[in-house]
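Proteins get letters first, then strands, A, B, ... in listed order; numbering begins at 1 in each. On a predicted model such as this, the values are computed, not experimentally measured, just so you know.
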Amino acid sequence: MEVYKVVYSPSELQEMIEHAQNSELLAYDTETTGLNVRKDKVIGFSISGKVGYGYYLPLFKWNGSELEPIWSMDVAEKVLNIIKSKKLIMHNASYDVRITKNSLNIDLLDSLYCDTILLKHACDEERPFGLKDIAKKIQHELGLDVSAEANKEQLDMIESIKANGGAVTKECYELFKADVDKIGIYACKDTDLTLRVFNYYSELLTKEGLDRFFYKDETMPLMKEVTIPMESRGVPVDVELLKAAQAEISVDIAEVERQIHELIEPHLGLFYDWYVGKELKQSTTGEFPQLLCEYADLDLPKTKAGRYSIAKKGVESLPDSEYKEFLLGNAWLSKEVVADIKSMWLKRLPEHPFNISSKHHLAKLFFDTLKEPPVTKTDKGNPQMNDLFLDSVKDKYEFVPLIRVYNKLNKLKSAYIDRFLERQEDGIFYPSYNQHRTISGRYGSDLQQLNRPYESAEGVHPAVYKYTNMVRKFFISGDDHAFIDADYVSLEPFVFSHVSNDNGLKAIFLNGHDFYSTVAIATEGLEGLSADKKADNYLGKVNKNLRQKAKAYSLGIPYGMEEYALGKTLNIPQSEAKRLINQYLNAYPELKKWMERSNEMCVTQGYVKSEAGRIRHFPKAPKIWYSHGKDILDSLKLWSKYHERPKLYQQMKFLRKEVKNSLNNAKNFQIQSLAASITNRACIAINRELKRLKIDGYVCAQVHDQIITRVPEEHAERCRKIVQYLMENTYKISLPLSAPAEIGKDFYEAH
DNA sequence: CGGGCGAGCGCC
DNA sequence: AAAGGGCGCTCGCCCG
């Protein structure tokens, strides 16, 4: 039985301290008032140094109206300083380290030894990564019965929060309102679990030969020296520019909206009928019951938004009436009532019921009212409303191009203006950087999708051009600082030329030629053209189109792209696409062999390893391969063999997809993952060097093959050289990497 | 009303 | 018959 203790008395405190002192490794977890590490407070923390044990030091308790101190900050500090002298294990360490520093003023970063999310990720890259989810997944190995207990501690706590009047929604999870005992036991359970998960995966890590990769070369150093500093310091944003952009784009959107409504009006006849019918169908959800409540003046509580709350409880307490029976779902309303409500509603229809950003509305209008044929269907077989369709009717309806403008402007506003304005804190945006969200070891981040600026305004709607090219200007280096921005030149092509060890591919880079042009020339057997950027007959200059084509397949083909997809992207017949693929692979025979070796590794050993050491597992592929052999990949064979037995056929198709995906992923992983390691290790090296030189600079953003470092302006030029050198030389491959670095004051200039 | 999800589109 | 990889965010819609 577990020993979980909530520390109240001095003797219990002594016990906790001794437990910490006697442990070499300590799992550590904070309980807090919320998820914002800068605004929220630590209300207590737990430790476990031994499986089955846990101690929680409560610092605050909820007394019904406010948080009341329990143990003083001096005691917290004393205990934390002991904890700090140990090797710490945390689940999602960035969060606990940052909130401990901000709220309790103790920096545990140097003591961080292992993040169990990352440990699990190194051994098992598949989701989920929540502590409880992991525990559940490996409960047999841990000797636990997590599901039988059904997370008792968590359920107890949620109940306790509710009982004390707290909210438990995702947006507003008021854990701090639970009883201290409940929080404490929950916290102890967490650190105990963290320790068990650590023990379990530590063994696996060693077995897989990943200790060095994890502790020394990449994972934990990246977490401690890059990820946590990057998330802590954030990126300054130009709040005034954001505010101005928000105001201006709203006006522009309103104007486009006005134009669309004006042009669309004559087409709306049938749509209007549909809308009126749909919106007013007798239903206990949506608009209808709202109107009914108003019509019948029902005494129901209202929500914050001023709408009636149609909860069962409230309805049941109403006096008996036909309305009550309807709302309870027992009877329909009389025709007269429905007619009254309808006329009530018609009088207050929105001026423009047509919602331009609703695909549903657009689909109704185009496919039903205007009888336009869809271009594509969704996976579920419904007519698809997308940009491809809108493109197909853009010449027929004047408002169609405006719809695209409207959608783009709205996307720009919500995703790239409103979001950053809402989330910035005192002029700093704090991005998330997750090391475990991608299988390849790339970062998963919410700051990696900033629009690329247009190179010219030609053919672009002026408003779309204006705001698209503004997005990167929101991110600024701030007073006395500058950005050093460096992108690797064609990182993935460099890496896969290196990995495949194809001399033809490698020669391209060794000669300093343009990759895509060379591939185009070799694949298509072009004569009289050069891949030398300085030559008069440089393909990129003479025939941009052919170079562009090569861009589509030179990376796609090694990742398993087939003639269908290639034909589609290039808009050429499949036969032509097939010819290109064959010629490409024949032009680079070692690449072809590497692809075959990758396939082999995937289906025989069930995993592949990047050169840098990261592993991706394909547990199912070898089993399927062993049972079915290579025929499993042949769709036509599968069809002829199994189509008369539909259920079995579905299963076989599923297996086929599984193997096919594994084979493609095995190839992609080795490239993408090595590229990620190259960038990640450069980030570590940059931060180390800046620290060594006592320059207050740091990697403040990373976008897969791009690193943006923020440095004091006075050191900008020196740092520019350092960044470039370290990107090009930290992780060496058999080709000379190139990462020209530039100085800029914002993300736009830096680009 | 909140949570989950598909579709679409942003990036490499 | 099925036909390249890795993500995150927003929207509308649907459901409980």
It should be established whether [X] places a side-chain nitrogen or oxygen under 4.0 Å from OP1 or OP2 of nucleotide [N].
X: A:N664; N: C:dA3; answer: no
X: A:R656; N: C:dA1; answer: no
X: A:K578; N: C:dA3; answer: no
X: A:R452; N: B:dC12; answer: yes
X: A:K359; N: B:dG8; answer: no
X: A:S414; N: C:dC11; answer: yes
X: A:T169; N: B:dC1; answer: no
X: A:N355; N: C:dG12; answer: yes

Treating [X] as the side-chain partner and [Y] as the backbone partner, does any N or O pair qualify as donor plus acceptor under 3.5 Å?
X: A:S490; Y: A:P493; answer: no
X: A:Q435; Y: A:M223; answer: yes
X: A:T679; Y: A:D705; answer: no
X: A:R437; Y: A:Y443; answer: no
X: A:S610; Y: A:Q670; answer: no

So what does [X] touch, heavy atoms closer than 4.0 Å: a base, only the sugar-phosphate, or nothing?
X: A:R404; result: nothing
X: A:K637; result: nothing
X: A:L566; result: nothing
X: A:Q449; result: base
X: A:I439; result: sugar-phosphate
X: A:S445; result: sugar-phosphate
X: A:F669; result: nothing
X: A:K667; result: nothing
X: A:Y649; result: sugar-phosphate
X: A:S358; result: sugar-phosphate
X: A:K653; result: sugar-phosphate
X: A:D418; result: nothing

Take the C1' atoms of the five end pairs on each side of the helix from B:dC1-C:dG16 to B:dC12-C:dG5, get both axes, and report the angle to 10 degrees.
0°
Does A:Y433 have any side chain to side chain donor-acceptor pair (under 3.5 Å) partners at least two apart in sequence or in another chain, and if so, which?
none
Side chain of [X]: nearest nucleotide among [options]?
X: A:S635; options: B:dC12, C:dA2, C:dG5; result: C:dA2
X: A:E171; options: C:dG12, B:dG3, C:dA1; result: B:dG3
X: A:K170; options: C:dC9, B:dG3, C:dG4; result: B:dG3
X: A:S357; options: B:dC12, C:dG12, C:dC13; result: C:dG12
X: A:R127; options: C:dA2, C:dG6, C:dG8; result: C:dG8

base_contact_polar (C:dG5 base, A:Q672 side chain, donor-acceptor, <3.5 Å)
yes
Any donor-acceptor pair under 3.5 Å joining the side chain of A:R419 to the base of C:dC9?
no
Send over the distance from [X] [atom1] to [N] [atom2], rounded to a whole Å.
X: A:H704; N: C:dG8; atom1: NE2; atom2: C1'; value: 10 Å
X: A:L655; N: C:dA2; atom1: CG; atom2: C1'; value: 15 Å
X: A:N434; N: C:dG8; atom1: CG; atom2: C1'; value: 10 Å
X: A:K411; N: C:dG12; atom1: NZ; atom2: P; value: 12 Å
X: A:N407; N: B:dC9; atom1: CG; atom2: P; value: 8 Å
X: A:N668; N: C:dA3; atom1: CG; atom2: P; value: 16 Å
X: A:M385; N: B:dG6; atom1: CE; atom2: P; value: 20 Å
X: A:Q574; N: C:dA2; atom1: CD; atom2: P; value: 14 Å

Say we look at C:dA3 and B:dA7: how far apart would their P atoms be, to the nearest angstrom?
16 Å
For A:Y559 and C:dG4, are the ring centres under 5.5 Å apart with planes inclined under 30°?
no
May I ask you to check whether over 12 heavy atoms, not counting those of A:Y607, lie within 6.0 Å of atom OH?
no
Between the side chains of A:E125 and A:R614, is the shortest nitrogen-to-carboxylate-oxygen separation below 4.0 Å, so that they form an ion pair?
no
Which word best sums up how the rings of A:H121 and A:F129 line up, parallel for under 30°, tilted for 30 to 60°, or perpendicular for over 60°?
tilted
Side chains of A:Y588 and A:K592: any donor to acceptor distance under 3.5 Å?
no
Which residue, A:E563 or A:R423, contacts DNA chain C at a nucleotide closer to its 5' end, judged by nearest heavy atom?
A:E563
Side chains of residues 413-422 of chain A: which donor-acceptor pairs under 3.5 Å do they make with residues two or more places apart or in other chains?
unit_1, atom_1, unit_2, atom_2, d
A:K413, NZ, A:D418, OD1, 3.4
A:K413, NZ, A:D418, OD2, 2.9
A:S414, OG, A:N410, O, 3.0
A:Y416, OH, A:Q449, O, 2.9
A:D418, OD1, A:Q246, NE2, 2.7
A:R419, NE, A:A415, O, 3.0
A:R419, NH1, A:D446, O, 3.1
A:R419, NH2, A:A415, O, 3.4

